[in-house]
Amino acid sequence: MGWLSNLFGGKKSSVDKDIAAIFSKINRILDDEEFQIGMLPEPVQALIRSKAPCDEKAGATGDFGMSAGNPIPVNGPIGELAYLSKLRTKGGESLFFHRIGAVGSIDVFEAVSMSGSEWFIFFLDMYYPRRSRKAPAGLSISPEPSQFSGFTQHCRAFPRDFPEAKQSNGDSGLNFAYIPLSKVHAALERGAFERPLSHRAKMDIVRAELSSVLT
């Protein structure tokens, strides 16, 4: 923000400080696990803090993050946003994602790479005090804070209705933490985003198992 200091006579202005404070808060929303938990209602905070932190649940069964028996531990709904936004494909792509429902207390998300070439279904357990440091097979976790690229609600025209979903999410106070719409539009213009038959088949199986469905 040196240009601001120059603009206001070389000293740190109140405007400069306000902008620094805004960026600091955004960074905490994106990556500070304790701050993310603190944004939740007290009863939910207490439940989350009652659990022991872990990268993978003890006694889990099935592929990590790809089955309800082995969900990804994360710290609340904002932790879900932060974790999934940090995932990268082998080619280094980030993901669009939305929640399609739940199996008991396990949230289920559909995701697609920003080129539209790879589709995924992820299972997350949000009642843990920190995010897992482990990535599902074939994926990695970015070491840097990542702007949010998906939603904890269902998107009917996923991922093409990302701009509308972001706008309707405005009251959450998280808008500044999301990737710019200019990047979203560029990705949506490039990608076909047609679900492969194999992914559709998986979605049908998962939908049959959901105990709650988002529409």
N-O pairing of R195 and E110 below 4.0 Å
yes
Group every Ile, Leu, Val, Met, Phe, Trp and Tyr by side-chain heavy-atom contacts under 4.5 Å, then state whether L40 and M126 land in the same group.
yes
Return yes if some donor-acceptor pair links the side-chain N/O of Q36 with the main-chain N/O of L30 below 3.5 Å, else return no.
yes
Are E93 and S115 close enough that a side-chain donor and a side-chain acceptor fall under 3.5 Å?
yes
For the pair S113 (side chain) and E118 (backbone), establish whether a donor and an acceptor sit closer than 3.5 Å, ignoring hydrogens and angles.
yes
As a quick check of understanding, evaluate side chain to side chain contact (heavy atoms under 4.5 Å, CB included) for D107 and F123, giving each step before the final call.
CA-CA 6 Å; D107 286 333; F123 297 79; over 6 Å; no
Heavy-atom closest pair, residues R133 and D55:
N-OD1, 2.8 Å
Ion pair check, K134 and E56, cut-off under 4.0 Å
yes
Among K25, R130, K86, find the one that has a salt bridge (charged side-chain N to carboxylate O under 4.0 Å, His left out) with D31.
K86
Answer yes or no: is there a side-chain heavy-atom contact under 4.5 Å between E33 and P129?
no
Given 3.5 Å as the limit, does a donor-acceptor pair link the side chain of S132 with the main chain of I72, or not?
no
Quick check on the hydrophobic clustering: are V206 and F96 connected, directly or via other members, by side-chain heavy-atom contacts under 4.5 Å?
no
Measure across Y83 and A135 and return the closest heavy-atom pair with its distance rounded to 0.1 Å.
OH-CA, 3.5 Å
Do side-chain atoms of N70 reach the backbone of A60 as a donor and acceptor pair under 3.5 angstrom?
no
Output, in order, the C-alpha distance, side-chain angles, deciding distance and verdict of ring pair (Phe, Tyr, Trp, His ring centres under 6.0 Å) for F151 and Y178.
CA-CA 10 Å; F151 305 93; Y178 274 85; 5.1 Å; yes
Minimum heavy-atom separation for H98 and C155, please, with both atom names.
ND1-N, 2.9 Å
With the side chain counted from C-beta on, respond yes when P73 and L124 share a heavy-atom pair under 4.5 Å apart, and no when they do not.
no
Can you check whether A82's main-chain N or O pairs, donor with acceptor, with S85's side chain at less than 3.5 Å?
no
Nearest heavy-atom neighbours spanning R160 and A192
NH2-O, 3.2 Å
May I ask you to say whether D161 pairs ionically with R156, meaning some side-chain N is under 4.0 Å from a carboxylate O?
no
Take Q153 and S168, measure what side chain to side chain contact (heavy atoms under 4.5 Å, CB included) needs, and give me the verdict at the end.
CA-CA 11 Å; Q153 72 260 28; S168 67; 4.2 Å; yes
In plain terms, say whether R49 and E34 are close enough for a salt bridge, that is, a side-chain N and a carboxylate O under 4.0 Å apart.
yes
Does atom CZ of F35 have more than 12 heavy-atom neighbours, drawn from other residues, nucleotides or ligands, at distances under 6.0 Å?
yes
Should M39 and Y128 be regarded as members of a common hydrophobic cluster, given that ILVMFWY residues are connected when their side-chain heavy atoms come within less than 4.5 Å of each other, either directly or indirectly?
no
Quick one: do V108 and Y127 end up in the same hydrophobic cluster if we chain Ile, Leu, Val, Met, Phe, Trp and Tyr together by side-chain heavy atoms under 4.5 Å apart?
no
Same hydrophobic cluster for M66 and F97, using side-chain heavy-atom links shorter than 4.5 Å among ILVMFWY?
yes
Might you work through the side chain to side chain contact (heavy atoms under 4.5 Å, CB included) test for F109 and I100, ending with a clear yes or no?
CA-CA 6 Å; F109 288 80; I100 61 174; over 6 Å; no
Any side-chain heavy-atom pair from L95 and M114 closer than 4.5 angstrom?
no
Over all atoms of both residues, closest heavy-atom pair of I48 and N75
CD1-C, 4.3 Å
How close do L174 and L81 get, heavy atom to heavy atom, and via which atoms?
CD1-CD1, 3.9 Å
Counting only N and O atoms by type, is there a donor-acceptor contact under 3.5 Å from the side chain of S142 to the main-chain atoms of L87?
no
Chi angles and distances behind the side chain to side chain contact (heavy atoms under 4.5 Å, CB included) call for L84, F148:
CA-CA 8 Å; L84 292 173; F148 297 157; over 6 Å; no
